[in-house]
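Letters A, B, ... mirror the listed sequences (proteins, then strands); counts begin at 1. In this text, all values refer to a predicted model and were calculated from it rather than measured experimentally. These values consider heavy atoms only, across backbone and side chains, with no hydrogens, waters or symmetry-generated copies.
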Amino acid sequence: MELDDVVDMFSVMVKSRPRPSIIDFNKLLSSIAKMKKHAVVISLGEQMQKLGIRHDLYTYSILINCFCRSSQVSFALALLGKMMKLGYEPDIVTLSSLLNGFCHGKRISEAVALVDQMVEMGYQPNTVTFTTLIHGLFLHNKASEAVALVDRMVVKGCQPDLFTYGAVVNGLCKRGDIDLALNLLKKMEASKIEINIVIYSTVIDGICKHRHANDAVNLFKEMENKGIRADVVTYNSLISCFCNYGRWSDASRLLSDMIERKINPNVVTFNALIDAFVKDGKLVEAETLYVDMIQRSIDPNIFTYSSLINGFCMHDRLDEAKQMFKLMVSKGCFPNVVTYSTLIKGFCKSKRVEEGMGLFREMSQKGLVGNTITYNTLIQGFFQARDCDRAQKVYNDMLSDGVPPSIMTYNILLDGLCNNGRIEKALVIFEYMQKSGIELNIVTYNIMIEGMCKAGKVEDGWDLFCSLSLNGVQPDVITYNTLISGLCNKRISQEADALFRKMKEDGPLPDSGTYNTLIRACLRDGDKAGSAELIKEMRSCRFAGDASTIIMVTNMLHEGRLDKSFLDMLS
DNA sequence: GTAGGGTTAG
């Protein structure tokens, strides 16, 4: 039955005489609660009150549960007080509802206290009570308390059931505590609780995400040897895991394996494969799978379309991306903020930021709210189009729309300003960031060091580099390369060499960029021996001359300033 | 007639 029908029935019941019993009203409220329409239940409860239809213990219990489910624990508590005044003693069910409310709100300490109070008041907590609290503890990142509670409930004579183990296993796997989860599987076997496929799939998925894929396959085999048959979800976890590691043949072997076993792949299976192919630049394969899934009568959904749109955008095939966008709408599958952001990014990357902005307005008109990523994309788009003012305006809009900037937002701002010759403005923002305790990452510093070097302020870049360790940030290869390049361009070769030595002593490994920058600097200085030395070292690290170095050497060759052996050395 | 959990994909 639909919600409307049930509500209609309520009005009929209210008018009919004699009035139906409170039990009938409770049944009706309960059915609405099962549809998760908690607000409706609450409002019908109020109407009953006004019409003089007295609540009983069950009515209160249902209403308290609905208040808790809709994050209005304080109202639930008020109702509990009211019902107790009327002489109704709450039972374990009502109190467990309340417990659930505390757990889902930010009141985990009250949840813990409630269970203690229940015991003091002579209630015997059951598996539902404990499971609810365990779930709450995981929600609040208190995994060890949750695990300890499983043991404590056993001590209190309450055997964990499948629900309890499900909650714990899931909580542990999400955190990557795989060993603890595996221990629990053993415990379940010892206490003769049948481990079902969902529990196994949970653990297999956890291993996929936090351990080696082969370990997941081993558990998969172990499970099947015990006579528990994998289902599509189990396969989906493994397939997406293999895809993430680029193990295409393993993934497709699993796909044919499941088809052969008549475990039908579903939309999730195909989405995992399509998305992974797209991200790896294999758009043709992704499109083939898309055709394949349609042939199997599996309907693409918003994930499928968004992945394919992303694929077209990555290859700058914006017309096809837009076509796919229109297609999904025509199929009744409506784009969300991710779909729009993907498309907006495609347009921005293609220097068509105005069209990106148009899409942003379109999505806002449809009631979709841009998130941090959406705004970041547009800000970056305007900077790339050298329109600092519009970029700045989008940033201001972001703040006034209440969307929180991330460190990525700031990095985009700093980078955009630096690249558009507005280093002074970037410095103001950078100082603001330092003062307001925003956690800067190495990318932030790299942007500023590069900006300073480009603006001819290599000394400032050097100072900033020296401040890194004070701020607890490790320089990476880009930091070194940027500063080395800045020093070379300023013809401060000795400092550049010193930095290169420091890098080799206690920094990240030099890469091709490091060597090429130094080699070009040597050549500019006319230091043939030094550059030959560096080239030798670079080659021994299996790097080769890059385009700018080769062009430079070729030019010098033509000018007769170098002999041909130099070019040969480079590659 | 009232309470709890768990798996996959952007």
Side-chain angles (χ1 to χ4, degrees), chain A residues 20-31 33-34 41 55-66 68-69 76 88 90-101 103-104 125-136 138-139 146 160-174 181 184 195-206 208-209 230-241 243-244 265-276 278-279 300-311 335-342 373:
Chain A
S21 70
I22 186 65
I23 294 179
D24 291 320
F25 279 102
N26 289 343
K27 276 185 184 167
L28 187 118
L29 293 185
S30 164
S31 70
K34 287 216 172 84
V41 178
H55 296 173
D56 74 354
L57 180 68
Y58 288 121
T59 327
Y60 281 113
S61 194
I62 294 168
L63 287 169
I64 286 171
N65 190 31
C66 287
C68 288
R69 288 279 175 164
Y88 291 113
D91 62 7
I92 190 79
V93 174
T94 317
L95 293 175
S96 294
S97 285
L98 198 60
L99 182 66
N100 197 31
C103 287
H104 281 91
N126 58 21
T127 53
V128 178
T129 329
F130 283 117
T131 305
T132 305
L133 186 56
I134 286 168
H135 184 233
F138 272 114
L139 280 179
D161 60 12
L162 197 57
F163 279 77
T164 320
Y165 282 110
V168 185
V169 167
N170 181 57
L172 291 173
C173 287
K174 287 276 138 68
L184 276 178
I195 308 175
N196 63 12
I197 181 60
V198 176
I199 304 256
Y200 268 116
S201 294
T202 307
V203 181
I204 287 170
D205 189 67
C208 281
K209 296 213 165 85
D231 65 10
V232 56
V233 177
T234 331
Y235 272 101
N236 287 348
S237 285
L238 286 170
I239 287 175
S240 49
C241 177
C243 284
N244 288 337
N266 61 16
V267 61
V268 179
T269 324
F270 280 95
N271 287 349
L273 288 160
I274 289 173
D275 191 63
V278 161
K279 286 197 174 130
N301 61 16
I302 188 162
F303 288 84
T304 329
Y305 290 118
S306 296
S307 294
L308 288 168
I309 288 171
N310 185 31
N336 63 11
V337 60
V338 177
T339 326
Y340 268 105
S341 299
T342 305
I373 297 173

Looking at the side chain of [X], which of [options] is the nearest nucleotide?
X: A/Ser240; options: B/dA3, B/dG1, B/dA9; value: B/dA9
X: A/Ser30; options: B/dG10, B/dG1, B/dG6; value: B/dG1
X: A/Asn271; options: B/dA9, B/dG6, B/dG1; value: B/dA9
X: A/Thr339; options: B/dT8, B/dG5, B/dG10; value: B/dG10
X: A/Leu162; options: B/dG5, B/dA3, B/dG10; value: B/dG5
X: A/Asn196; options: B/dG1, B/dG6, B/dA3; value: B/dG6
X: A/Asp91; options: B/dA3, B/dT2, B/dT8; value: B/dT2
X: A/Lys209; options: B/dT2, B/dA9, B/dG5; value: B/dA9
X: A/Asp56; options: B/dA9, B/dG1, B/dT7; value: B/dG1
X: A/Ala167; options: B/dG5, B/dT2, B/dT8; value: B/dG5

In whole Å, what is the span from the [atom1] atom of [X] to the [atom2] atom of [N]?
X: A/Ile197; N: B/dT8; atom1: CD1; atom2: P; result: 13 Å
X: A/Leu63; N: B/dA3; atom1: CG; atom2: P; result: 12 Å
X: A/His104; N: B/dA3; atom1: NE2; atom2: P; result: 14 Å
X: A/His135; N: B/dA3; atom1: NE2; atom2: C1'; result: 14 Å
X: A/Leu99; N: B/dT2; atom1: CG; atom2: C1'; result: 15 Å
X: A/Ile195; N: B/dG5; atom1: CD1; atom2: P; result: 21 Å
X: A/Ile309; N: B/dA9; atom1: CD1; atom2: P; result: 20 Å
X: A/Leu172; N: B/dG5; atom1: CG; atom2: C1'; result: 13 Å

What contact category does [X] fall into here, base, sugar-phosphate, or nothing, at under 4.0 angstrom with non-hydrogen atoms?
X: A/Val169; value: nothing
X: A/Thr127; value: base
X: A/Thr132; value: sugar-phosphate
X: A/Ile199; value: base
X: A/Asn310; value: nothing
X: A/Asn236; value: base
X: A/Asn126; value: base
X: A/Thr304; value: nothing

Spell out yes or no: do the side chain of [X] and the base of [N] have one donor N/O and one acceptor N/O closer than 3.5 Å?
X: A/Asn26; N: B/dG1; result: yes
X: A/Ser237; N: B/dT8; result: no
X: A/Asp24; N: B/dG1; result: no
X: A/Asp161; N: B/dG5; result: no

Residue-phosphate contact under 4.0 Å: [X] side-chain N/O, [N] OP1/OP2:
X: A/Lys174; N: B/dG5; result: no
X: A/Asn100; N: B/dA3; result: no
X: A/Lys34; N: B/dT2; result: yes

Would you compute the distance between atom NE2 of A/His104 and atom CG of A/Leu99 and round it to the nearest 0.5 angstrom?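 Separation between the atoms: 10.5 Å.
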Could you tell me the separation between the SG atom of A/Cys208 and the CG atom of A/Asn244, rounded to the nearest 0.5 Å? 9.0 Å
Testing the 3.5 Å rule here: is there a donor-acceptor pair between the side chains of A/Asn266 and A/Asn236?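 Checked: A/Asn266/A/Asn236 side chains pair up, N/O donor to acceptor below 3.5 Å.
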Between A/Asp56 and A/Thr59: side-chain donor-acceptor atoms closer than 3.5 Å: yes
In terms of heavy-atom contacts, A/Leu133 and A/Cys103 come closest through CA-SG, 4.1 Å
Are A/Phe163 and A/Thr127 packed together at the side-chain level, in the sense that at least one heavy-atom pair is separated by less than 4.5 angstrom?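 Counting from C-beta outward, A/Phe163 and A/Thr127 never come under 4.5 Å.
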Does CD1 belonging to A/Ile22 count more than 12 external heavy atoms closer than 6.0 Å?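 More than 12 heavy atoms, drawn from other residues, nucleotides or ligands, come within 6.0 Å of this atom.
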Hey, is A/Phe303 stacking on B/dA9? Ring centres under 5.5 Å, planes under 30°.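 Yes.
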Could you go through the side chain to side chain contact (heavy atoms under 4.5 Å, CB included) check for A/Phe138 and A/Leu172 one step at a time? CA-CA 8 Å; A/Phe138 272 114; A/Leu172 291 173; 3.9 Å; yes
